[in-house]
*Asks:* 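Okay, handing you the structure first.
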Amino acid sequence: MKATVITYGCQMNEYDTHLVESQLVSLGADLVDGVDEADFVLINTCAVRGKPVDKVRSLLGDLRKLKASRGLMIGMMGCLAQLDEGQQLARTFEVDVLLGPGSLLDLGAALESNTRFWGLQFRDELHDHIPPAPQGKLQAHLTIMRGCDHHCTYCIVPTTRGPQVSRTPDSILRELDGLLAAGVREVTLLGQNVNAYGIDQGARVAGIPSFAQLLRLVGASGIERVKFTTSHPMNFTEDVAQAMAETPAVCEFVHLPVQSGSDAVLRRMAREYTRDAYLQHIRHIRRHMPDAVLATDIIVGFPGETEEDFQQTLDLYDEVGYDSAYMFIYSPRPGTPSYRHFADLPREVKTERLQRLIVKQKEWSQRRNAARVGTLQNVLIRGDAHDSGFLEGHTRGNHPVVIPKALGADGPGIYPVRIEHATPHMLYGHVVDAAGQPLPARPQLAPEAAAVSSPLAML
Ligand code: SAH
Ligand code: SF4
Ligand code: F3S
């Protein structure tokens, strides 16, 4: 069987795609790149906003046509699969296999069954399942917990992914060992709310350390870089900032979603912290890591958000001076409390506020990135950039970086890079040697040699 997985959504979905791809391989399938060659197309879906749901709907429409014309098995996994909305789509578009986020290990049973297969149970084995390490990659994700115990009123994730369950440190460290053996040098620990690691459904789980302790354990494993996402402000205790500062492998990057700068809106979102409490966390982070890179998520146009509420979000942005932000227009999700109880604001109001927020984000990102010009950054280079002759990578603070290929630095690795230019979304620089001098440029092929080596020139 030739199979392909198409992924929408967050890093947790990317991790689950890797897990399911390795299941497919162990079941004897060949992984192929596009839909054209595949006889099994599995869509890993996201339901967090209306847009990713629309994308899945239109893809399912195309796949149903292919199924009619040449025969094809269609699968749907991930968050949307767990919801009535997704199951309705599955019936309409003749989906053969449906796997909720807790049922990924049912894939084998699904492929064996000759009828339509729907797996929607949360299976405990998933927590101890260690997918094989990705090969030839310097970066990997590692899920340390699944589900979410918060009840933010706009959010569908607790419904799709269920209550929080932390993985044991033993299982996490074994997975990490496999990643290290495969040559991985940067790991991102994943959870909807990593700071609540070890406290499942309100109670500390026996034998599971706090997130701060886990950071120290992972940092001592020999991995060079550790990142994590996402942090919920309510659980961001000062010991996490301290563990970050005291563990050299843990990168000084914090993604701390604020969602809104207005206490009234935060209350209606049921975020469980105030603006002041959030700013107190930022002060802790800056005290322990003066050079920390800060990112956030913001929702604009939450029901009832007034112009004054929105101004408070803009003011908070200035007070923190974020390096980057993911900004979303509120999207009412059926099944969430805010969908049931509050009226959506007019589209124009929401888009106009988003525009103003984007202007602010660009100003700050430009300012923060410009302050890095002249500094030396360790850049994890993943490989070639879109422009030939250039490589792309990212810093410990997650800034994307583009650098020209140089002698001694023309492939994946971690290199010291002097930053020379900055835009709001990108840093540019050169790899330097131990004395801080740029490495010599890689010689370009002479035009004649280039022409001869081109397959077209042989014709
Ligand atoms: N667990 C993570 C969030 C996962 S969802 C956390 O709490 O930080 C990622 C982001 O999507 C959220 O931070 C929020 O900003 C956004 N989001 C979630 N539901 C949304 C909705 N209904 N409309 C718009 N944005 C939403
Ligand atoms: Fe959603 Fe809130 Fe849980 Fe994040 S913490 S996944 S926003 S309910
Ligand atoms: Fe989307 Fe589920 Fe992630 S709803 S954002 S794929 S947790």
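Atoms within a ligand are numbered from 1 in the order they appear, just like the ligands themselves. Being a predicted model, the structure only gives us computed values, none of them experimental.
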*Asks:* Taking distance alone, with N or O pairs closer than 3.5 Å, would you say Ser231 contacts ligand 1?
*Replies:*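 No.
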*Asks:* If you measure from CG on Asn398 to SG on Cys251, what distance do you get to the nearest 0.5 Å?
*Replies:*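 Going from the CG atom of Asn398 to the SG atom of Cys251 covers 8.0 Å.
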*Asks:* If you count the atoms of ligand 2 from 1 in the order shown, which ones are under 4.0 Å from a heavy atom of His232?
*Replies:*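 By the 4.0 Å cutoff, the relevant atoms are 5 (S).
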*Asks:* Does the cation-pi check pass for Arg268 over Phe302, that is, NZ or CZ under 6.0 Å from the six-membered ring centre and within 45° of its axis?
*Replies:*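 No cation-pi geometry.
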*Asks:* Can you list the atoms of ligand 2 that are under 4.0 Å from a heavy atom of Val157?
*Replies:*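 Selected atoms, number and element: 6 (S).
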*Asks:* At a non-hydrogen distance cut-off of under 4.0 Å, which region of Gln259 contacts ligand 1 (side chain, backbone, both, or neither)?
*Replies:*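 Only the side chain of Gln259 comes within reach of ligand 1.
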*Asks:* Does Asp263 reach the main-chain N or O of Thr274 with its side chain, forming a donor-acceptor pair under 3.5 Å?
*Replies:*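 Judged by distance alone, no pair lies under 3.5 Å.
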*Asks:* I need the nearest protein heavy-atom contact for atom 19 (N) of ligand 1: residue, atom name and distance, please.
*Replies:*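 The answer is Tyr154 CD1, 3.3 Å.
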*Asks:* Return the residue, atom name and 0.1 Å-rounded distance of the protein heavy atom closest to atom 11 (O) of ligand 1.
*Replies:*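 Of the protein heavy atoms, Arg49 NH1, 3.0 Å lies nearest.
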*Asks:* With a sphere of 6.0 Å drawn around NZ of Lys137, does it hold more than 12 non-hydrogen atoms of other residues, nucleotides or ligands?
*Replies:*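 No - once you tally the heavy atoms of other residues, nucleotides and ligands closer than 6.0 Å, there are 12 at most.
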*Asks:* When you look for heavy atoms under 4.0 Å from ligand 1, do you find them on the side chain of Gln192, its backbone, both, or neither?
*Replies:*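 The answer is both.
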*Asks:* Which atom names give the shortest non-hydrogen contact between Asp149 and Gln164, and what distance separates them?
*Replies:*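 Closest pair (atom of Asp149, atom of Gln164, distance): OD1-N, 2.9 Å.
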*Asks:* Between His399 and His394, is the gap from one ring center to the other below 6.0 Å?
*Replies:*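 Here the rings of His394 and His399 have centres that are no less than 6.0 Å from each other.
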*Asks:* List every atom of ligand 2 that sits less than 4.0 Å from any heavy atom of Arg271, numbering the atoms from 1 in the order shown and giving each element.
*Replies:*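 Checking each atom against Arg271, I get 2 (Fe), 7 (S).
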*Asks:* Could you tell me whether any N, O or S atom belonging to Cys148 is less than 2.8 Å from atom 1 (Fe) of ligand 2?
*Replies:*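 Coordinating: no.
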*Asks:* Checking side chain to side chain contact (heavy atoms under 4.5 Å, CB included) for the pair Ile208/Tyr197: CA distance, chi angles, key distance, verdict?
*Replies:* CA-CA 8 Å; Ile208 298 202; Tyr197 174 74; 3.5 Å; yes
*Asks:* Minimum heavy-atom separation for Ile285 to Ala292, with atom names?
*Replies:*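 For Ile285 versus Ala292, the nearest heavy atoms are CG2-CB, 3.8 Å.
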*Asks:* Students should be able to answer this: which protein heavy-atom is nearest to atom 2 (Fe) of ligand 2, and at what distance?
*Replies:*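 Nearest neighbour among protein heavy atoms for atom 2 (Fe) of ligand 2, to 0.1 Å: Cys152 SG, 2.3 Å.
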*Asks:* Quick check: closest heavy atoms across Ser166 and Ile199, and the distance to 0.1 Å?
*Replies:*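 Here Ser166 and Ile199 meet closest at OG-N, 4.4 Å.
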*Asks:* Does Arg161 come within less than 4.0 Å of ligand 2, judged by its heavy atoms?
*Replies:*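 No, Arg161 has no heavy atom closer than 4.0 Å to ligand 2.
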*Asks:* Give the contacting part of Pro257 toward ligand 2: side chain, backbone, both or neither, where contact means a heavy-atom distance below 4.0 Å.
*Replies:*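 No part of Pro257 comes within reach of ligand 2.
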*Asks:* So which protein heavy atom does atom 7 (S) of ligand 3 come closest to, and at what separation?
*Replies:*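 Sorting protein heavy atoms by distance from atom 7 (S) of ligand 3 puts Gln192 NE2, 3.0 Å first.
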*Asks:* Does Arg367 make a cation-pi contact with Trp364 (under 6.0 Å, within 45 degrees of the axis)?
*Replies:*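 Positive - Arg367 is close enough to the ring of Trp364 and near enough to its axis.
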*Asks:* Among all protein heavy atoms, pick out the one at the shortest distance from atom 1 (Fe) of ligand 2; state its residue, atom name and that distance to 0.1 Å.
*Replies:*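 Of the protein heavy atoms, Cys155 SG, 2.3 Å lies nearest.
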*Asks:* Atom 23 (N) of ligand 1: which protein heavy atom is closest, and how many Å away?
*Replies:*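 Result: Ser331 N, 2.9 Å.
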*Asks:* I'd like to check which ligand 2 atoms, numbered from 1 as shown, lie under 4.0 Å from a non-hydrogen atom of Pro158.
*Replies:*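 Matching atoms, with element in brackets: 8 (S).
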*Asks:* Of all heavy-atom pairs between Pro233 and Pro257, which one has the smallest distance, and what is that distance?
*Replies:*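 Of all heavy-atom pairs spanning Pro233 and Pro257, the closest is CG-O, 3.2 Å.
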*Asks:* Can you tell me if OH on Tyr339 sees more than 12 non-hydrogen neighbours from other groups inside 6.0 Å?
*Replies:*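 At most 12 heavy atoms, drawn from other residues, nucleotides or ligands, come within 6.0 Å of this atom.
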*Asks:* Does the gap between the ring centers of Tyr317 and Tyr322 come in under 6.0 Å?
*Replies:*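 Here the rings of Tyr322 and Tyr317 have centres that are less than 6.0 Å from each other.
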*Asks:* Would you mind checking which non-hydrogen protein atom is closest to atom 24 (C) of ligand 1, with the distance to 0.1 Å?
*Replies:*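 That would be Ile329 O, 3.4 Å.
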*Asks:* Report the C-alpha distance between Thr229 and Val194 in whole Å, list the side-chain angles of each, state the deciding distance to 0.1 Å, and finish with yes or no for side chain to side chain contact (heavy atoms under 4.5 Å, CB included).
*Replies:* CA-CA 7 Å; Thr229 198; Val194 289; over 6 Å; no
*Asks:* Among all protein heavy atoms in this structure, tell me which lies nearest to atom 13 (O) of ligand 1, with the distance rounded to 0.1 Å.
*Replies:*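 Result for atom 13 (O) of ligand 1: Asp297 OD2, 2.6 Å.
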*Asks:* Considering only non-hydrogen protein atoms, determine which one is nearest to atom 7 (S) of ligand 2 and report residue, atom name and distance to 0.1 Å.
*Replies:*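 Looking at atom 7 (S) of ligand 2, the protein heavy atom closest to it is Tyr154 OH, 3.4 Å.
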*Asks:* Using non-hydrogen atoms of the residue, decide whether Val157 is closer than 4.0 angstrom to ligand 1.
*Replies:*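 Judged by the 4.0 Å heavy-atom criterion, Val157 does not count as contacting ligand 1.
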*Asks:* If you count the atoms of ligand 1 from 1 in the order shown, which ones are under 4.0 Å from a heavy atom of Arg333?
*Replies:*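 Under 4.0 Å from Arg333, ligand 1 has these atoms: 22 (N).
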*Asks:* For Cys79, is there any backbone N or O sitting under 3.5 Å from a side-chain donor or acceptor partner on Thr160?
*Replies:*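 Not confirmed, Thr160 side chain does not pair with Cys79 backbone.
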*Asks:* To the nearest 0.1 Å, how far is atom 7 (O) of ligand 1 from its closest protein heavy atom, and which atom is that?
*Replies:*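 Atom 7 (O) of ligand 1 sits closest to the protein heavy atom Arg271 NH1, 3.7 Å.
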*Asks:* Looking at Tyr273 versus His281, is the centre-to-centre ring distance below 6.0 Å?
*Replies:*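 No, the ring centres sit 6.0 Å or more apart.
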*Asks:* Mind listing the protein N/O/S atoms less than 2.8 Å away from atom 3 (Fe) of ligand 3? Waters don't count.
*Replies:*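 Near atom 3 (Fe) of ligand 3, below 2.8 Å, one finds Cys10 SG.
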*Asks:* Hey, do the aromatic rings of Phe253 and Phe228 have their centres closer than 6.0 Å?
*Replies:*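 Centroid separation for Phe253 and Phe228: 6.0 Å or greater.
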*Asks:* Would Val48 count as a contact of ligand 1 if the rule is a heavy atom under 4.0 Å away?
*Replies:*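 In this structure, Val48 qualifies as a contact of ligand 1 - some heavy atom is under 4.0 Å.
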